[in-house]
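Just so we're clear, the structure is a prediction, and the values are computed from it rather than from any experiment. One is the number of the first residue; the rest follow in order along the sequence.
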Amino acid sequence: MVFIIASLFIILFLIIYKTSKNDFEFSLITVTVTLLFFPQYISILNIRYFTIINTISLILNIKYFIANQTPTYHKQYVKYLIIYLGILQFWSVLNGTFLETIQLEAFKNILGYFSIATMCFIYINKVTQINFLERYLKIFLLIVCIYGIYCYITNSNIITTAFNLYFDKRNDILDHFKEESRGGLAGRIQGFTEHPLEYGGAMLCAFFYFLQINLYKKKKLLIDYILFALICINIFLSGSRAAIIAFLIGFALFIYVNKQIKYKTKIRITLYFIGLYFILATCFSFFDTYSGFIKSIIFFWENNDSVKGSNFDMRLTQLNASFDLVSNDTISYLFGLGDGWVRDYSQRHGGLHPVLLGFESILFIGIIEYGIIGFFVLTCGIYYIYFKLANKYHISNVTKIFIVSFFIFQMFTGEYALPTFLSFVSIMIKTDIQLLINKKKI
């Protein structure tokens, strides 16, 4: 199994390397983006693929800044991330976890995420690279989406089951989601990833990436519309209400913030959507089957008998539990219990807390790990950095809307798909910058 997986990714790398005229860094970026849609526990000789890529990307980034006259926006990007990492370490001094194992492991993880995101940002410098990545991801995500629908129809997941069996991972999570029924959904899909919420977050990233790319196209192809439809279907079938709510809010913001869409057109789109909703709800059995799930999305704060999950009362109870964990002393209350505390607790207790369950919100995780002040400085800080970068270089509204949308997603779910978000938002910001530069040159 290890040999087969390694061979496939090596072959993929070599094909891209040859196609991109021996561009090592861009080939690595393409393979890395592909790996974001696979379980992070995939390894060779007990070394995770992501550990290898994290190390290589960090070396490439350091090499780039030593050897090159870097553009201002590259320096600005790295400066913000270094400041964030500095504050993160300073926070570990404040809450007394500076040299603890969990803090060092968590710092290593975020450093790895930033290394990959930085590599995506600084090594995409040509329009040809942007075009190649778009075409490649289009083909790859068509395969992923079709496989996701296949998993739902057959109520199986052959590939992820094989990964779990070989790498000795717990199979009960996969079996649970395959069999879970929520308001008409006969199981929840997770594609090649470890969890439906991870998959929903990854699909959310893919949607906004292609939405941005298509804004630059003079002519949309039929395959573009098919891909959008398939991504939306996969978000729905993931059963992640957080991903669906974030998607709907993000898409609505795109329509109503976009100055290229006339005011009358926005009203028409709204009326069409409302009309279509009532027609489908009245005339088609689809809405009868999934009405419970759809209602749980629209009225997400209410209890729903057919869809078990979070509601407003449960979230308040979990928020109180988060405060209880940090209320023993002033330092913990203000600065938290330390980066990586939640991950360490989950590993020691089988992934679940009696009240907080899977710590399903970055609000809870932020308060516990960084304290009241740290939630705003560090948890919200990542999104602020990317929003500031997007705003600084007059990036398209899609990128900024994506940042807001993904923040909403993680407020409902926790840190699922975070490395996918960091990589995709970096690619989107750099795509905007590069295409705008190219347009000015023309």
Side-chain angles (χ1 to χ4, degrees), residues 37 141 144-145 148-149 151-153 177-178 180-191 193-211 225 227-256 269-270 272-274 276-278 280-281 284 286-312 314-315 358 360-363 398 401-418 420-421 424:
F37 290 84
L141 283 163
V144 172
C145 290
I149 294 171
C151 290
Y152 182 77
I153 293 171
F177 286 121
K178 282 195 299 185
E180 183 183 11
S181 178
R182 351 176 65 205
L185 273 183
R188 301 168 62 185
I189 64 172
Q190 60 200 93
T193 66
E194 298 177 62
H195 197 285
L197 293 176
E198 183 82 22
Y199 188 63
M203 286 291 111
L204 189 67
C205 295
F207 176 84
F208 282 102
Y209 167 76
F210 282 108
L211 185 63
Y225 295 106
L227 183 59
F228 276 123
L230 288 174
I231 290 173
C232 293
I233 291 169
N234 274 260
I235 290 175
F236 183 80
L237 295 180
S238 73
S240 170
R241 290 178 294 172
I244 298 170
I245 292 166
F247 160 72
L248 291 174
I249 292 174
F251 191 61
L253 282 172
F254 167 72
I255 291 172
Y256 293 107
I269 291 172
T270 306
Y272 289 153
F273 179 80
I274 294 171
L276 181 65
Y277 175 84
F278 282 108
L280 291 173
F284 293 89
F286 170 86
F287 265 70
D288 292 334
T289 305
Y290 298 105
S291 60
F293 185 58
I294 293 168
K295 287 177 182 176
S296 75
I297 295 166
I298 299 171
F299 306 104
F300 60 88
W301 58 87
E302 294 184 356
N303 290 321
N304 192 299
D305 294 333
S306 64
V307 181
K308 294 180 181 179
S310 306
N311 56 60
F312 186 68
M314 177 181 171
R315 288 304 193 199
E360 295 156 348
S361 173
I362 53 170
L363 172 61
V398 176
I401 290 168
F402 170 47
I403 295 166
V404 173
S405 179
F406 198 84
F407 178 75
I408 293 169
F409 167 71
Q410 290 209 320
M411 282 293 286
F412 282 100
T413 60
E415 293 182 335
Y416 289 101
L418 179 61
T420 311
F421 164 74
F424 268 88

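Ala417 and Ala202 make their closest contact through CB-N, 3.9 Å (heavy atoms, listed as atom of the first residue, atom of the second, distance). Heavy atoms only, all atoms of each residue included: Tyr416 and Gln410 are closest at O-NE2, 3.0 Å. The nearest pair of heavy atoms linking Gly200 to Ser238 is CA-OG, 4.0 Å. Closest approach of Thr413 and Ala242 over heavy atoms only: CG2-CB, 3.1 Å. Of all the heavy atoms in Cys232 and Phe247, the pair that sits closest is SG-CZ, 3.6 Å.
The side-chain contact (heavy atoms from CB on, under 4.5 Å) test applied to Cys151 returns Tyr147, Asn157, Ile189, not counting sequence neighbours. Under the ring-ring contact (aromatic ring centres under 6.0 Å, His included) criterion, Phe407 pairs with Tyr383, sequence neighbours left out. Among residues two or more places apart in sequence or in another chain, the ring-ring contact (aromatic ring centres under 6.0 Å, His included) test is passed with Phe37 by Phe140. Every residue two or more places apart in sequence or in another chain that forms a side-chain contact (heavy atoms from CB on, under 4.5 Å) with Tyr225 is listed here: Lys220. With sequence neighbours excluded, no residue forms a side chain to side chain donor-acceptor pair (under 3.5 Å) with Glu198. For Ala246, the side-chain contact (heavy atoms from CB on, under 4.5 Å) criterion is met by Leu204, Ser405, Ile408, Phe409, not counting sequence neighbours.
Counting heavy atoms from C-beta on, the side chains of Ile233 and Tyr152 never come closer than 4.5 Å. Residues Asn234 and Phe207 fail the side-chain proximity criterion, which asks for heavy atoms closer than 4.5 Å.
Aromatic ring orientation, Phe421 versus Phe406: parallel (interplanar angle below 30°, classes split at 30° and 60°).
Atom CZ of residue Phe412 and atom CD of residue Glu360 lie 12.0 Å apart, to the nearest 0.5 angstrom. How far CD of Glu415 is from CG of Leu197: 13.0 Å, rounded to the nearest 0.5 Å. Of the inter-residue distances, the one linking Met203 atom CE with Thr420 atom OG1 reads 9.5 Å to the nearest 0.5 angstrom. With rounding to the nearest 0.5 angstrom, the CZ atom of Phe251 is 7.0 Å from the CG atom of Leu211.
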Given Leu237 and Tyr199, is the side chain to side chain contact (heavy atoms under 4.5 Å, CB included) satisfied, shown in steps? CA-CA 10 Å; Leu237 295 180; Tyr199 188 63; over 6 Å; no
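The main-chain N or O of Met411 is found under 3.5 Å from a side-chain atom of Ser361 such that the two form a donor-acceptor pair.
Note on residues 246-255: no pairs pass side chain to side chain donor-acceptor pair (under 3.5 Å), not counting sequence neighbours.
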